[in-house]
Q: 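Can you read through this structure? Questions will come right after.
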Amino acid sequence: MATDLAAAAAILGDPNSYANEHRLHEACAMLRRDSPVHWAEPEWAYPFWAITKHADVQEVERNHEIFRNSPRSVLTRKEMDDLREQQGEYIRSLVHMDNPDHKVYRAIGADWFNPRAMRKLQLRVDELAANYVDRMAELGGKCDFVADVAVHYPLYVILSLLGLPESDFPRMLQLTQELFGGADPDRRRGESQADLMAPLMDFFNYFNELTRARRQSPTDDLASAIANAAPGGEYLSDLDAASYYVIVATAGHDTTSSSIAGGLHALLTHPEQLAKLRAEPALLPTAVEEMIRWVTPVKSFMRTAVEDYSLRDVRIHAGESVLLSYPSANRDEDVFEDPFTFDIARNPNRHLAFGTGVHYCLGAALARMEARSLFAALLPRLRDIELAGEPRQVVTTFVGGLKYLPIRYQLN
Ligand code: HEM
């Protein structure tokens with residue numbers, strides 16, 4: 001248990017905490033109450049201000065000219081920050097950029113995620129969702145919902161949108177999990193700097209090839225849009241194009257699969273909510289929103305102040321970084337009634353799981369659609385479902401959720 005604020009801040013900055021939600025939320029609640037803008041000094045990463053209140057996360061994100069994504073948008077190990085200092089950016093995606101570049105680069109992909117594009121995709125997503133429920137039926141009443149369903153389905157959707165061949169999907173899955181799972185011994189290749197960089201290098205080699213292929217013969221997919229974009233009259237550099245694919249491919253599936261798996265887990269551990277949803281399928285949109293709030297698969301992003309700024313009564317100096325804690329913001333008692341109650345009818349639900357402001361998640365509509373389609377396909381076919389073992393969470397401070405969810409079920 002966190003006995004003081006320093007211990008609570010250490011918990012917030014410790015990747016292991018995210019595999020033990022009770023401990024994490026207890027620490028966040030203490031910080032929100034007693035020190036919502038708190039200086040934290042983890043051993044493995046450079047220090048930051050921990051921002052734990054919903055209103056403050058919003059304030060920082062909306063002040064994007066003062067709180068910049070560059071040079072430190074994600075909490076990483078000191079060695080990785082040092083490497084960036086010495087050698088420059090090794091990835092430059094939307095989440096690493098600020099205006100004016102961010103606005104220009106975001107526009108390249110934006111049309112692929114707007115409501116019109118989503119309507120075009122709906123039938124295909126519904127079809128895929130139905131296929132994965134069929135797959136559950138074929139598995140004979142028992143599966144690991146994460147490994148057998150939740151990780152494949154969103155990956156399939158996003159890689160199809162990008163236009164990658166199906167034969168490459170397993171490789172993309174492994175690389176994403178290694179990239180996001182650098183803190184998890186089950187997922188990373190090793191602990192050295194080279195081991196941590198290796199998945200990114202593999203991604204880049206693969207995507208540089210893709211850029212060349214799509215410039216030679218463009219097709220009707222997002223990869224071609226990225227490869228052939230020429231803002232200011234010039235193609236994107238290899239680094240910028242590859243970073244774009246990496247952010248879409250990675251942000252587009254681990255997050256959604258965590259929401260779906262965590263959402264099912266929440267229904268299994270709150271059987272009255274599962275019964276309610278089955279009785280009232282019209283609640284699916286609010287239920288999905290609540291699942292995303294409950295799971296909050298993106299644990300944090302960072303910003304760095306370019307000038308001094310006072311948040312509450314705390315002076316944040318130019319050059320200091322802040323860590324935006326989304327799980328904490330999404331349990332903030334000032335915004336959510338009974339924040340620790342899983343309520344599929346919660347409305348309004350002003351969660352910040354997709355962030356806010358100019359970096360607001362590009363794929364939010366897609367993620368919502370995927371989750372709705374899967375539960376719309378699964379729930380009417382369920383006769384019975386229960387946990388078949390102890391679920392396990394990923395060790396991370398960035399993107400995570402369940403990595404193992406054993407279930408037993410009967411389907412119609
Ligand atoms: C950015 C969450 C699904 C693509 C973000 C951010 C968050 C987030 C918190 C940063 C927002 C900020 O800084 O204010 C989530 C969650 C998802 C999800 C919780 C699923 C439940 C997706 C999907 C895609 C996607 C399906 C599809 C491509 C992106 C991209 C960005 C982003 C490209 C960068 C946007 C920018 O910096 O302008 N997401 N995301 N995400 N997300 Fe998602």
Side-chain angles (χ1 to χ4, degrees), residues 51 54 57-64 67-70 72-74 91-99 101-114 117-118 121 125 150-151 153-162 164 172 176 180 221-223 225-226 243-263 288-304 322-330 351-374 398-401:
I51 311 293
H54 187 282
V57 171
Q58 279 192 306
E59 185 172 336
V60 167
E61 291 218 46
R62 288 187 177 154
N63 273 297
H64 61 267
F67 289 103
R68 314 281 285 183
N69 280 44
S70 166
R72 199 184 175 205
S73 59
V74 175
I91 178 165
R92 206 178 88 97
S93 77
L94 290 178
V95 299
H96 303 89
M97 285 182 190
D98 297 292
N99 281 338
D101 287 0
H102 175 259
K103 200 172 173 187
V104 174
Y105 279 68
R106 184 157 166 131
I108 295 171
D111 284 352
W112 291 82
F113 297 96
N114 69 19
M118 292 305 105
L121 213 60
V125 171
V151 297
Y153 159 67
L155 179 75
Y156 204 106
V157 175
I158 196 65
L159 296 185
S160 310
L161 193 71
L162 264 172
L164 305 192
M172 291 293 114
T176 303
F180 283 170
D221 54 34
L222 177 56
I226 295 168
S243 299
Y244 217 122
Y245 305 124
V246 170
I247 188 71
V248 171
T250 54
H253 80 89
D254 234 21
T255 48
T256 314
S257 53
S258 298
S259 303
I260 292 170
V288 162
E289 227 43 51
E290 180 68 341
M291 290 176 194
I292 294 172
R293 178 188 80 92
W294 194 250
V295 175
T296 307
V298 177
K299 307 304 174 194
S300 61
F301 266 109
M302 298 187 91
R303 301 289 189 264
T304 300
V322 299
L323 179 121
L324 309 171
S325 174
Y326 297 116
S328 179
N330 285 346
H351 70 75
L352 293 177
F354 293 117
T356 186
V358 294
H359 286 276
Y360 181 77
C361 175
L362 190 63
L366 177 59
R368 289 179 167 123
M369 181 165 98
E370 289 178 51
R372 286 177 198 173
S373 292
L374 188 78
F398 184 28
V399 175

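In each ligand, atom 1 is the first atom listed, and ligand 1 is the first ligand listed.
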Q: What I want to check is whether the side chains of E61 and H359 have a donor and an acceptor closer together than 3.5 Å.
A: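 Looking only at side-chain atoms, H359 and E61 do not form any donor-acceptor pair under 3.5 Å.
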
Q: Measure the shortest side-chain to side-chain distance between M97 and N69 over non-hydrogen atoms and say whether it is less than 4.5 angstrom.
A: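 M97 does not reach N69 side chain to side chain.
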
Q: Report yes if some N/O of T356 lies less than 3.5 Å from some N/O of ligand 1; otherwise report no.
A: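 Yes, there is a polar N/O contact under 3.5 Å.
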
Q: What is the closest protein heavy atom to atom 18 (C) of ligand 1, and at what distance does it sit?
A: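 Among all protein heavy atoms, the one nearest atom 18 (C) of ligand 1 is T255 OG1, 3.4 Å.
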
Q: What's the shortest distance from atom 37 (O) of ligand 1 to any protein heavy atom, and which residue and atom give it?
A: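 Ranking protein heavy atoms by distance from atom 37 (O) of ligand 1, first comes H359 ND1, 2.7 Å.
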
Q: Are T256 and H253 close enough that a side-chain donor and a side-chain acceptor fall under 3.5 Å?
A: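 No, H253 and T256 have no side-chain donor paired with an acceptor closer than 3.5 Å.
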
Q: Can any side-chain N or O of T255 pair as donor or acceptor with the backbone N or O of G252 at less than 3.5 Å?
A: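 No, because the side chain of T255 does not come within donor-acceptor range (under 3.5 Å) of the backbone of G252.
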
Q: Any idea which of R106, E370, Q58, M302 brings a heavy atom closest to atom 35 (C) of ligand 1?
A: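 Minimum heavy-atom distance to atom 35 (C) of ligand 1 goes to R106.
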
Q: Which is closest to atom 28 (C) of ligand 1 in terms of heavy atoms, F113, Y360, Y326?
A: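 It is F113 whose heavy atom sits nearest to atom 28 (C) of ligand 1.
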
Q: Flag the pair T356 / R62 as yes when at least one side-chain heavy-atom distance between them is below 4.5 Å, and no otherwise.
A: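 Of all side-chain heavy-atom pairs linking R62 with T356, at least one is under 4.5 Å.
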
Q: Between S258, S257, A251, which one has a non-hydrogen atom sitting closest to atom 4 (C) of ligand 1?
A: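 That would be A251.
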
Q: Tell me which protein heavy atom sits closest to atom 1 (C) of ligand 1, plus the residue, atom name and distance to 0.1 Å.
A: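 Checked against all protein heavy atoms, atom 1 (C) of ligand 1 sits closest to C361 CA, 3.6 Å.
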
Q: Identify the two heavy atoms, one from W112 and one from D221, that lie closest to each other, and give their separation to 0.1 Å.
A: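 Nearest pair, atom of W112 first, then D221: CH2-C, 3.4 Å.
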
